[in-house]
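Worksheet for the structure shown next.
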Amino acid sequence: MRLLTHNFLRSNVKGTENGYPLIIEVTTVRCEESPVDKEFLLGLIPKVDYSALRSAVRHMGPHCDPPLPDLPEVLPSAVGDVPSLDDATISILHRVLFDVYLVEGYLVCPDTGRKFPVKDGIPNMILHEDEI
Amino acid sequence: MKLKHLESCLSSLPNRVFPSPKIELEQYPTSVHLSSSVVLSALERGDAGPGTSILDLGCGTGMLGLGFASVQSDMVYLVDCDSEALELARENVDMLVEEDVIGRSTANEGGAPGCLGVELIMAKVKHVPPKKRNNEGGGGRGHRGGRGGRGASGKKGKHGGIFSASSTSQDDSLYVDPRENVDDGIPLNSKIVDTVITNPPFGTKNNEGIDVQFLKTAIRLARRAVYSFHKTSTRPFIIKLIRERWGLNAEVVAKMRFEIPNMYTFHRHKSVDVEVDLIRIFWAKEEGSCEKIDGVAAEKDNCNAQEHIRDEREYEGEESPLDLSGHT
């Protein structure tokens, strides 16, 4: 599971108010380098919840090799159309969104503490009967 | 991409069928030819390919979603509630990664754009069977709408058609704009991909209306268009629901025939042919909205106004849909 996917996922267990963003508990991560597609990334950034991405990077960062750098607190002119980003920022964003994977671990609901297991890179978001 | 090329790409997948299909999930294979034709229809309409992201809701072994990956859609998400299906899908993904259909390596940087990646998520569409009114009378026997059920022969009597499947109930939830944020069991924010493809369960007496629930979730997740399969016998109901109740556009893209294994041992025939439509649901792009993913309920108004009812003839007349009968 990439952090891009984490950015879209929320908890909908019974009793959840917001359920977002999910806390990441890391068991295993995998890193794989892929070429940066600048155009694609610039189109994607406005659709990403940036503060959720930052928190995911904080959870995942120390487990990666080399560790992920903290993301800047805000992106320049991130509101509105295509953000104007320098190449270094673009490559960091690409790396955190696409090149690091949570292979084993948990996604934890911030409201209820319910743990959703991630196995073999697939988050299991199925709820039990009494959680619906 | 040519049909033949796409077909040969999908034919190379190791898991094209379910070794032990789960009847309650209505798992049966989508053929290579059918998947390829659906993907190319979406490609023609600009709903797939480079620059788009795709989600396959109820992906099974991933034949449809991976077809979209094979035509260089940027990102593809495969969602299913069955871990075994996702394992099969995963093996299919691995094969396409091996063949460089999915994933870009730094080695061929600057080469042809391809699918960046495929992500798998295990989640289940929540289905609350609609409440029936006691006084409704007739038409309420749900299993008519089922895939293996009696009404499946495709000979649609007036009532077996419009009033089968999901339409028996006056349940208000059916009419709520599907783009509103609701808890539909799928733990994903709204409008996260351009296009959603879904081959939903058609429902049995135990889960009547589940096809419409899938459709609603699909619409919530998409920014641009949804492709969904529905029994032809329910076409008037489904089209009317989409156009008049939800204020969205709908067109029948293709009609086909599914050979569906029967659900219950007491059925006389092993399988039954069901006429099925591929319906495309689409809406105008919202102007100026920056589509924050943390989707607070969609601003629905500017999509609603336009051409409520395109024309009856579009779904009465059968001239336009691609005919894929005989290729299940």
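So that the names make sense, note that chain A is the first sequence line, chain B the second, and so on, each numbered from 1. All values below were derived from every heavy atom in this structure, side-chain atoms included, with hydrogens, water molecules and symmetry-related copies excluded.
Residue contact with chain A, scored on non-hydrogen atoms closer than 4.5 Å, is absent for B:Val125.
From A:Phe8, atom CZ reaches atom OG of B:Ser53 across 7.0 Å, with rounding to the nearest 0.5 Å.
Scanning both residues, A:Lys47 and B:Arg223, for their nearest heavy atoms gives CD-NH1, 3.4 Å. Contact record, A:Ile132 with B:Lys126: CG2-CD, 3.2 Å, taken as the closest heavy-atom pair.
No more than 12 heavy atoms of other residues, nucleotides or ligands shown are found within 6.0 angstrom of CD on B:Glu98. Surrounding CD of A:Glu39 are at most 12 heavy atoms belonging to other residues, nucleotides or ligands under 6.0 Å away.
Legend: ring pair (Phe, Tyr, Trp, His ring centres under 6.0 Å) pairs involving residues 101-122 of chain A, not counting sequence neighbours: none detected.
Heavy-atom pairs under 4.5 Å with chain A were tallied for B:Pro50, B:Gly51, B:Gly185; the largest tally goes to B:Gly185.
Between A:Arg10 and B:Leu188 the shortest side-chain heavy-atom distance does not fall below 4.5 Å. The shortest side-chain heavy-atom distance between A:Tyr20 and B:Asn189 falls under the 4.5 Å cut-off.
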Show me the donor-acceptor pairs within less than 3.5 Å that the side chains of residues 117-127 of chain A make with the rest of the protein, sequence neighbours left out.
unit_1   : atom_1 : unit_2   : atom_2 : d
A:Asp120 : OD1    : B:Arg90  : NH1    : 3.3
A:Asp120 : OD2    : B:Arg90  : NH1    : 3.1
A:Asn124 : OD1    : A:Ile126 : N      : 3.0

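Using a 4.5 Å heavy-atom cut-off against chain B, no residue of residues 57-70 of chain A qualifies as contacting. Of all residues spanning residues 74-84 of chain B, those with a heavy atom less than 4.5 Å away from chain A's heavy atoms are B:Asp74, B:Met75, B:Tyr77, B:Cys81, arranged by number.
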